[in-house]
Structures are given as structure tokens and as C-alpha cells.
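Structure first, commentary second.
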Amino acid sequence: DYIAVTESRPENVLRSQGEFAWASLTHGELASTLPVPLVAEIFDSMATGAAPTGWTVTNDASTTCTVQNIPSSTDKSMRFTDSNANGFSRATKIFTAQTGPITVEWRQRQDQQSNWNRSLIQSGSTIAVELYTTNSPVGGGSTTYGLYYRNASGNDVFVNALAVGTWYDIRVVAKPASDTADIYVNGVLRATNAPFRNAVNSLDRVLFGTGGSTSQTALYIDEVTVVR
């Protein structure tokens with residue numbers, strides 16, 4: 001369901017009840033350049049304790065991916081657990097392939113400083129945008145625990161520090177034409193024209209998951225949106 005705000009001012013927006021802003025309204029009508037939603041996932045209507053519907057979930061031994069009442073029973077999220085140092089849990093959402101820029105947003109929280117939790121934007125099985133949590137980045141440099149992107153050379157570049165138990169709003173503007181991305185954390189631009197891990201012609205899926213950390217992982221993902 002949508003709530004339409006129809007005052008004749010450019011700043012008015014069309015919002016879903018999940019607080020996602022899809023479109024500007026000018027003089028009571030939708031503008032011709034509206035963002036088009038490809039994914040809008042808030043998990044609230046899904047069964048608690050079950051795998052998220054509409055996602056492709058793969059769990060190795062001692063890993064899980066389920067919907068949980070976090071932060072609350074009316075505001076659920078997708079939770080990954082992982083106590084397998086050599087295994088992974090991951091969930092993939094596929095959307096219509098896009099050759100132009102897309103904006104991918106999600107909320108993220110974790111309960112341990114576990115390494116290699118991942119957020120990927122892909123073209124088929126080819127990774128374009130590769131984000132990890134770690135304090136042991138490939139290529140050295142910062143040892144601050146936080147969010148890093150992996151560049152075309154295979155090295156990890158620091159994006160933002162992460163605190164345990166804190167929700168972060170992540171936004172990635174991915175641009176296949178230039179094989180680059182702009183990365184925001186809590187509304188602040190943290191990386192401009194970050195190079196894709198691999199060159200692609202289009203983008204068609206997002207993947208979230210764990211990454212073979214040696215520590216117990218509890219990773220929460222919520223409010224996943226993709227627009228073009």
C-alpha cells in the first residue's frame with residue numbers, strides 16, 4: 001500500500017508504509033524520471049524462524065539464514081548465523097538485469113566482530129561490488145574493524161568503522177557503464193567511483209551472507225531495496 005502526498009511542491013514524495021521513498025511528486029503528478037523499484041524487502045510479513053521467501057538460500061553445515069523478530073515482531077529482519085570456519089550461509093535476490101545505474105540500500109547489524117560477512121552486487125555469478133566486514137584486509141593498510149570494498153586488484157579498501165550491535169544504513173550506487181560505485185554509510189559518502197571487483201555489462205542480483213570467520217557470526221540484514 002502507498003500513501004500519496006499530493007501538495008503541489010517538488011519535495012513531496014510517494015512513500016510506502018515501509019518508509020521507502022520511490023517517487024517525487026510535482027504539481028500532484030508523478031515526474032517522468034521516477035526511480036523504478038526492482039526490490040523492496042522488509043521481511044515483516046514472513047514467518048519468524050523460516051527461511052526468507054523469494055530468496056535463494058544456501059546453508060553449509062552449522063550455518064543458518066532465517067527471518068527473526070529483530071528489532072521487533074513488527075519489524076523483522078533476515079538473520080545469518082555461522083559457527084563454521086570453512087563454511088558459509090548466503091541469500092540471493094534476483095531482479096531484472098540492468099545496464100544503467102542502480103541504487104542498492106539495506107540496513108545491517110552484527111553481534112560480533114566476525115570477519116568476511118559479505119554484501120555483493122553481481123551480474124550472474126560475476127561479482128561487481130564486493131563489500132566485506134573485517135579487521136584483516138587483503139593488501140594490508142587499516143586494521144580497524146569495519147566495512148571494506150574489494151577493488152579490481154583484489155585488495156580491500158576501508159569504507160567505515162563498524163560497532164557491534166549497531167544498525168548501519170548502507171547505500172551503493174552501482175554504475176555498470178563505468179564499472180564503479182559510490183558507497184554511503186548512514187547517508188555519508190564514504191567512497192566515490194570505487195572500482196568494481198570485476199567488469200560487467202549489467203547487474204541482476206544482490207547477495208548477503210557470512211564468510212568463514214573463525215568466530216561465531218550473527219549478522220542481520222533489513223530493508224533491502226534496489227531501484228533504477
Side-chain angles (χ1 to χ4, degrees), residues 20-21 35 37-39 41 78 80 90-93 95 97-110 113-213 217 219-228:
F20 300 123
L38 303 170
V39 175
E41 193 70 87
M78 177 168 60
F80 298 89
R90 55 268 196 201
T92 302
K93 185 77 169 182
F95 50 87
Q98 303 295 314
T99 57
I102 62 170
T103 299
V104 183
E105 299 187 58
W106 67 94
R107 303 193 73 217
Q108 176 174 327
R109 179 189 122 182
Q110 53 195 56
Q113 281 195 0
S114 48
N115 288 334
W116 312 121
N117 294 330
R118 60 196 61 199
S119 306
L120 311 178
I121 305 172
Q122 302 182 186
S123 177
S125 61
T126 302
I127 298 171
V129 178
E130 189 168 10
L131 295 172
Y132 288 107
T133 62
T134 188
N135 60 1
S136 302
V138 174
S142 174
T143 58
T144 299
Y145 184 78
L147 186 69
Y148 292 73
Y149 75 84
R150 186 158 293 176
N151 63 22
S153 300
N155 293 321
D156 295 332
V157 180
F158 179 74
V159 176
N160 201 86
L162 299 177
V164 167
T166 300
W167 285 99
Y168 292 89
D169 296 317
I170 314 295
R171 181 166 82 248
V172 178
V173 181
K175 300 166 282 188
S178 59
D179 291 315
T180 62
D182 300 330
I183 304 169
Y184 298 77
V185 179
N186 291 342
V188 178
L189 180 61
R190 301 292 297 171
T192 303
N193 292 327
F196 280 5
R197 181 70 177 92
N198 299 285
V200 298
N201 294 319
S202 63
L203 299 166
D204 69 355
R205 67 196 63 197
V206 292
L207 180 151
F208 300 98
T210 63
S213 174
T217 295
L219 168 69
Y220 298 90
I221 299 292
D222 198 6
E223 297 183 12
V224 181
T225 67
V226 182
V227 299
R228 65 172 174 84

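At least one donor-acceptor pair under 3.5 Å links the side chain of Thr133 to the backbone N or O of Asn117. Of the possible polar contacts, none joining the Asp222 side chain to the Arg107 backbone as a donor-acceptor pair under 3.5 Å is found.
Results of the salt bridge (charged side-chain N to carboxylate O under 4.0 Å, His left out) test with Asp156 over Arg150, Arg118, Arg197 single out Arg150 as the only residue that passes.
Taking the side chain as every heavy atom from C-beta outward, Ser136 and Asn115 approach each other to under 4.5 Å. Looking at Gln122 and Leu207, their side chains come closer than 4.5 Å, going by heavy atoms from C-beta outward.
Note on Asp182 versus Arg171: no salt bridge recorded, every NZ/NE/NH1/NH2 to OD/OE distance being 4.0 Å or above.
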Under 3.5 Å, which donor-acceptor pairs do the side chains of residues 199-206 form with other protein atoms, sequence neighbours left out?
from, atom 1, to, atom 2, distance (Å)
Asp204, OD1, Gly124, N, 2.9
Arg205, NE, Gly124, O, 3.4

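Between Pro176 and Phe196, the shortest heavy-atom distance links the atoms CA-CE2, 4.0 Å. The nearest pair of heavy atoms linking Pro195 to Asn151 is CG-CB, 3.8 Å. Across every non-hydrogen atom of Val129 and Ile127, the tightest pair is O-CG2, 3.7 Å. Here the closest heavy-atom approach between residue Ser119 and residue Gln108 is recorded as OG-OE1, 3.6 Å. Considering all non-hydrogen atoms of both residues, Val185 and Val159 come closest at CG2-CG1, 4.0 Å.
We find the CD1-CD distance between Ile221 and Gln110 to be 8.5 Å, quoted to the nearest 0.5 Å. Interatomic distance, CG of Leu120 versus CD of Glu130, reported as 6.0 Å (0.5 Å rounding). Between the CD1 atom of Ile183 and the CG atom of Asn160 there is a distance of 10.5 Å, given to the nearest 0.5 Å. Rounded to the nearest 0.5 Å, atoms OG (Ser125) and CG (Asn198) are 9.5 Å apart.
Applying the ring-ring contact (aromatic ring centres under 6.0 Å, His included) definition to pairs two or more places apart or across chains, those involving residues 129-156 are Trp116-Tyr132, Tyr148-Phe158. Applying the ring-ring contact (aromatic ring centres under 6.0 Å, His included) test to residues at least two apart or on different chains, none of the pairs has a partner in residues 164-193.
By the side-chain hydrogen bond (donor to acceptor under 3.5 Å, both in side chains) test, Ser178 is found to be paired with Thr180, residues two or more places apart in sequence or in another chain being considered. The side-chain hydrogen bond (donor to acceptor under 3.5 Å, both in side chains) check on Asn155 picks up nothing, with sequence neighbours excluded. Under the side-chain hydrogen bond (donor to acceptor under 3.5 Å, both in side chains) criterion, Arg90 pairs with Asp60, sequence neighbours left out.
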side-chain contact (heavy atoms from CB on, under 4.5 Å) assessment of Leu38 paired with Gln98: CA-CA 10 Å; Leu38 303 170; Gln98 303 295 314; 3.6 Å; yes
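Counting only N and O atoms by type, the side chains of Gln113 and Asn135 include no donor and acceptor under 3.5 Å apart.
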